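The structure under discussion appears below in the form of structure tokens.
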Amino acid sequence: MAYYRQVGQIPPKRHTQFRTANGALYYEELMGEEGFSSDSSLLYHRRIPSAIREATVWEPGDLSLTPNHPLVPRHLLLPALFPGAEWNSVDVVTGRRLVLGNDDVRISYVVAGQVSPLYRNAIGDECVYIESGTGIVETAFGAMPVRKGDYVILPRATTHRWLPEPGKPLRSYVIEANGHIAPPKQYLSRFGQLLEHAPYCERDLHGPAGPLLSEETDVEVLVKHRGPNGIAGTRYLVPHHPFDVVGWDGCLYPYTFNISDFEPITGRVHQPPPVHQVFEGNNFVICNFVPRKVDYHPLSVPVPYYHSNVDSDEVMFYCGGDYEARKGTGIGQGSISLHPGGHAHGPQPGAVERSLGKEFFDELAVMVDTFRPLQLGEGGVASDDGVYAGSWTRATS
């Protein structure tokens, strides 16, 4: 995220001696992207951040993928993956169930009530959408409160942990990249400032407030990383807590953005999906559909036209409101629809007629469009309703 922040104590000049009141040196860590030729931040630790006592294998769960073959649209009922009070014993990191994925992006779902282990994703950035619940994300940069509707952006290799509010489930939709996630280029100036036509601005982005200064010893950290056969995991035992940072500055850090701060772009006739874009990654984009006034041409058709997005698989996560185009399919809160490239999709039967004359849509959804085909994770296979592909040919109401 290319705008500068400074938190806690830092020296007046980078890469120079910075000492405690007792004269001991702080340890400077440069955390940077793309071989230190892109965004970076400098963090100042009380202890050496490279120290490891022990490294053992950690298995990050079932990450197998099943091709969507024969090619069909699907409806995935994500709430069924965490029935009853199962969330009481689940955490946001180890409890994730992989729903969809390819070599560029993986989409998981989790309902959690437990504090997570310390965790670091060394494969790519994470964008976690909070469907419901509240909590805190602690990071090496400091802590951030999270609430319903927050996107939580966690840069690659950021050590962090999740603390849900005690006794309440934190429902999280997790988008993991194989690279970086950032605001769309069309919203940015050539120097990285969000422009006037962007649907949000820097005031809407909220980073960590201050250092945590943790002093624990012999701490476990789970790391997801590249392995010989794809994704692997390692459990580190480190002699000092990774949250021992006294200050940092730079343009690379975790932050939150709440979906309620997204200002929708509307027009006289139906606007194409790119107007809803909020973030982008390597070979995928993230969009959100928020409550908004709809098209105001006297002959407008407010719901989407039938479309063949020939380069993309479209994944829609329905997280609030009343989604006009999908009535009669069983899609509701917590559902996912998968519309793969090669299949023309659009409103269910009767939706176009019902939409005529509408002035406002009260809907909330997060969409991921991928530019390579998606496969089903074990959570996707387990939650597929098995009948959605026929919803355009059967009667709906």
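Quantities reported herein were computed from a predicted structural model and do not represent experimental measurements.
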Answer yes when Lys224 and Glu176 have at least one side-chain N-carboxylate O distance shorter than 4.0 Å, and no when they do not. yes
Tell me if the aromatic rings of Trp87 and Phe82 count as close, with their centers under 6.0 Å from one another. no
Would you tell me whether Thr329 and Gln348 have side-chain atoms, one donor and one acceptor, within less than 3.5 Å of each other? no
Given side-chain contact (heavy atoms from CB on, under 4.5 Å), test Val301 with Val352 step by step and report yes or no. CA-CA 7 Å; Val301 179; Val352 171; 3.8 Å; yes
Lys148: what forms a side-chain hydrogen bond (donor to acceptor under 3.5 Å, both in side chains) with it, not counting sequence neighbours? none
Those residues at least two apart in sequence (or on a different chain) that pass side-chain hydrogen bond (donor to acceptor under 3.5 Å, both in side chains) with Glu138 are Arg161
Taking the side chain from Gln333 and the backbone from Cys319, do they hold a donor-acceptor pair closer than 3.5 Å? yes
Can Ile153 be reached from Ile123 by stepping across I, L, V, M, F, W or Y side chains whose heavy atoms are under 4.5 Å apart? no
Side-chain donor-acceptor pair present, Asn22, Thr20, cut-off under 3.5 Å: no
Side chain to side chain contact (heavy atoms under 4.5 Å, CB included) with His276: which residues, sequence neighbours excluded? Cys287, Phe289, Arg292
Looking only at atom types and distance, does a side-chain atom of His297 sit under 3.5 Å from a main-chain N or O of Leu299, one as donor and one as acceptor? yes
Does Leu194 share a hydrophobic cluster with Tyr3, counting links as ILVMFWY side-chain heavy atoms below 4.5 Å and allowing steps through other members? yes
Is the shortest side-chain N to carboxylate O distance from Glu359 to Lys293 below 4.0 Å? no
Between Ser300 and His270, a side-chain donor and acceptor under 3.5 Å: no
Please confirm whether the backbone N or O of Ala143 pairs with a side-chain atom of Thr139, one donor and one acceptor, at under 3.5 Å? no
Looking at the rings of Tyr26 and His45, which for Trp means the six-membered one, are their centres under 6.0 Å apart? no
Donor + acceptor pair across side chains of Tyr318, Glu131 (<3.5 Å): no
Please confirm whether the backbone N or O of Arg268 pairs with a side-chain atom of Asp295, one donor and one acceptor, at under 3.5 Å? no
Given the rule in the ring pair (Phe, Tyr, Trp, His ring centres under 6.0 Å) test, do Tyr44 and Tyr27 qualify, once you have shown the distances and angles that lead to the verdict? CA-CA 5 Å; Tyr44 294 87; Tyr27 298 94; over 10 Å; no
Can you sort out the partners of His307 under ring-ring contact (aromatic ring centres under 6.0 Å, His included), two or more places apart, ordered by chain and number? His345
With distance as the sole test, does Gln271 use its side chain to make a donor-acceptor pair with the main-chain N or O of Val269 at under 3.5 Å? yes
Can the ring centres of Phe257 and Tyr200 be said to be less than 6.0 Å apart? yes
Measure the CD-OH distance between Glu280 and Tyr187 for me, rounded to the nearest 0.5 Å. 9.5 Å
Quick one: do Glu33 and Arg156 satisfy salt bridge (Lys or Arg N to Asp or Glu O under 4.0 Å)? Show the steps, please. CA-CA 9 Å; Glu33 297 176 342; Arg156 173 190 271 170; over 6 Å; no
Quick check on side-chain hydrogen bond (donor to acceptor under 3.5 Å, both in side chains): which of Gln17, His15, Arg14 does Glu28 satisfy it with? His15
Test of understanding: clusters of I, L, V, M, F, W, Y form through side-chain heavy atoms closer than 4.5 Å, transitively. Do Leu77 and Tyr129 belong to the same one? no
Any luck finding a side-chain donor-acceptor pair between Thr234 and His225 under 3.5 Å? yes
If the test is side-chain contact (heavy atoms from CB on, under 4.5 Å), which one of Asp104, Asp369, Val105, Asn178 qualifies with Asn283? Asp104
Start with the C-alpha distance between Glu126 and Tyr119, add both sets of side-chain angles, then the distance that settles side chain to side chain donor-acceptor pair (under 3.5 Å), and finish with yes or no. CA-CA 12 Å; Glu126 294 192 355; Tyr119 170 64; 3.0 Å; yes
Run the numbers on Gln9 and Phe18 for side-chain contact (heavy atoms from CB on, under 4.5 Å), then give the verdict. CA-CA 10 Å; Gln9 304 173 54; Phe18 181 33; 3.8 Å; yes
How many angstroms lie between atom OG of Ser214 and atom NE2 of His240, to the nearest 0.5 angstrom? 13.0 Å
Pair Glu220 + Arg235, salt bridge at N-O below 4.0 Å: yes
In this structure, is the centre-to-centre distance between the rings of Phe371 and Phe284 below 6.0 Å? no
Donor-acceptor pair, distance only, cut-off 3.5 Å: does the side chain of Ser337 make one with the backbone of His75? no
Which value, rounded to the nearest 0.5 Å, describes the distance between Leu364 atom CG and Asp322 atom CG? 12.0 Å
How close do Gly8 and Pro211 get, counting heavy atoms only, and between which atoms? CA-CG, 3.9 Å
Without swapping roles, check the side chain of Asp313 against the backbone of Gly341 for a donor-acceptor pair under 3.5 Å. yes
Tell me if the centroids of the rings in Tyr109 and Tyr173 come within less than 6.0 Å of each other. no
Considering only Ile, Leu, Val, Met, Phe, Trp and Tyr, and joining two whenever side-chain heavy atoms are under 4.5 Å apart, list the other residues clustered with Val238. Ile52, Leu118, Leu212, Val219, Val221, Val223, Tyr236, Phe243
Taking atom CG of Asn288 and atom CD of Gln277, what is their separation to the nearest 0.5 Å? 10.0 Å
Decide yes or no on side-chain contact (heavy atoms from CB on, under 4.5 Å) for Asp91 and Trp162, but give the supporting numbers first. CA-CA 8 Å; Asp91 70 76; Trp162 293 83; over 6 Å; no
Verify, without hydrogens or angle tests, whether Gln114 (side chain) and Asn88 (backbone) share a donor-acceptor contact under 3.5 angstrom. yes
Kindly compute the distance separating CG (Leu78) from OG (Ser383), expressed to the nearest 0.5 Å. 5.5 Å
Does Arg74 come within less than 4.0 Å of Asp384, counting only side-chain N to carboxylate O? yes
If we ignore hydrogens and angles and just use 3.5 Å, is the side chain of Ser38 paired with the main-chain N or O of Glu34 as donor and acceptor? no
Has Arg5 got its NZ or CZ under 6.0 Å from the middle of the six-membered ring of Tyr253, at an angle within 45 degrees of the ring axis? yes
For Val72, is there any backbone N or O sitting under 3.5 Å from a side-chain donor or acceptor partner on Asn68? yes
Hphob cluster co-occupancy, Ile107 + Ile259, side-chain heavy atoms under 4.5 angstrom: yes
Got a sec, which residues hit side chain to side chain contact (heavy atoms under 4.5 Å, CB included) with Pro73, two or more places apart in sequence or on another chain? His339, Pro340, His343, Tyr388, Ala389, Trp392
In terms of side-chain heavy atoms, does Asp249 have a donor or acceptor partner in Tyr4 at a distance below 3.5 Å? yes
Linked, directly or transitively: Leu154 and Leu163 (ILVMFWY side chains, under 4.5 Å): no
Residue that, paired with Glu378, satisfies salt bridge (Lys or Arg N to Asp or Glu O under 4.0 Å) out of Arg97, Arg96, Arg106: Arg97
Any side-chain donor near an acceptor of the partner, Glu314 and Asn309, under 3.5 Å: no
